[in-house]
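Comments concern the structure below.
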Amino acid sequence: MQRIPLIAGNWKMYTSLAEARALAGAVVSACKGLSDREVMIAPPFTALATVAEVVKGSQVRLAAQNVCWEEQGAFTGEIAPGMLRELGCSMAIVGHSERRQIFGENDALINQRVAGALRFGITPILCFGETLAEREGGQTMAVLERQVRAGLAGISVGEPASMVLAYEPVWAIGTGKTATEEQAQEAHEFVRNLLLSMYEKSIARQMRILYGGSVNSGNVDALLRQPDIDGALVGGASLKADSFERIIHFRQ
Ligand code: PEP
């Protein structure tokens, strides 16, 4: 069975409500007639309800950029998974490097978010990746192994589609520097083998591993041609309707 490629747009802290409505509308149009790939967008929390109306009835999936693990309670600034479900979200980005680096989220906290999302039927997209110093210090695979093992600690995956991973080398995010196809494939293959050692083989083979880090309309085809790259997590280029449309229409 083939893994269905997933193209995911992370809008970060951008878009007014009017911009979000227009961009989501363009993504819905761009997806018409596509049945061999999945597309997801993650607007800021403030635009989720607006974008939910636009994507309703389309094949575009709605995601949050983070998710809490508790059902409710005194967690100022957090959003519960059930609240996201109510808005029509079926996925959530977890452990993005901006959360790790700017907001100090660590592997243990990220693991709680993964578990919480799954408990409430939200598919987490668990992000991990090395910094430039770690790559230059020959630590890349050790860092990936630590982040993936810790992020998935105690997590059982019964259905491969319910869990997505995203390799995002920190030095490639928002910098215009993309990992080469070979660098990305090497990391993805390493993580695939790690998953094979952690989960039942038929499940690990089906779990999608996205690549993220300055993906654009010019490099998406080559990246997605790699055997273990199952989609893209796209930041900057997902904010421009024309470039995201070309990424959605990647050619393998
Ligand atoms: C991201 O935000 O996950 C990302 C990969 O950003 P960019 O595509 O801008 O590098």
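Note that ligands are numbered from 1 as they come in the structure, with each ligand's atoms numbered from 1 the same way.
None of Ile7, Val234, Val60 except one satisfies the side-chain contact (heavy atoms from CB on, under 4.5 Å) rule with Ile248; the exception is Ile7. A side-chain contact (heavy atoms from CB on, under 4.5 Å) with Leu6 is found for one member of Arg61, Met91, Arg37 and no other, namely Met91.
Nearest protein heavy-atom neighbour of atom 8 (O) of ligand 1: Gly235 N, 2.8 Å. Looking from atom 5 (C) of ligand 1 to the surrounding protein, the closest heavy atom is Glu168 OE2, 3.1 Å. Regarding atom 1 (C) of ligand 1, its nearest protein heavy-atom neighbour is His96 NE2, 3.2 Å.
Considering backbone and side-chain N/O of Glu98, none are found under 3.5 Å from N/O of ligand 1. Inclusion of Lys12 in the set of residues having an N or O under 3.5 Å from an N or O of ligand 1 is warranted.
Here the closest non-hydrogen pair linking Asp221 and Arg246 is OD2-NH2, 2.6 Å.
Nearest-heavy-atom check against atom 10 (O) of ligand 1 across Ala232, Ala237, Gly236, Gly174 picks out Gly174.
Near Ala172, meaning under 4.0 Å from any of its heavy atoms, are these atoms of ligand 1: 10 (O). Close contacts between ligand 1 and Ser214 involve ligand atoms 7 (P), 8 (O), 10 (O) [criterion: under 4.0 Å to a heavy atom].
The closest approach between Ala166 and ligand 1 stays at or above 4.0 Å for every heavy atom of the residue. Residue contacts with ligand 1: Gly213 is included, with a non-hydrogen atom under 4.0 Å away.
A donor-acceptor pair shorter than 3.5 Å can be found between the side chains of Trp171 and Glu130. In this structure, a donor-acceptor pair under 3.5 Å is absent between the side chains of Glu181 and Asn219.
Counting heavy atoms closer than 4.0 Å to ligand 1, residue Ile173 contributes atoms from both its backbone and its side chain.
A salt bridge between Arg205 and Glu200 is absent, with no side-chain N of the basic residue lying under 4.0 Å from a carboxylate O of the acidic one.
Contact of the Glu19 side chain with the Leu239 side chain is not registered, since no non-hydrogen atoms from C-beta on lie closer than 4.5 Å.
When the shell of 6.0 Å around CZ of Phe45 is examined, it contains more than 12 heavy atoms from other residues, nucleotides or ligands.
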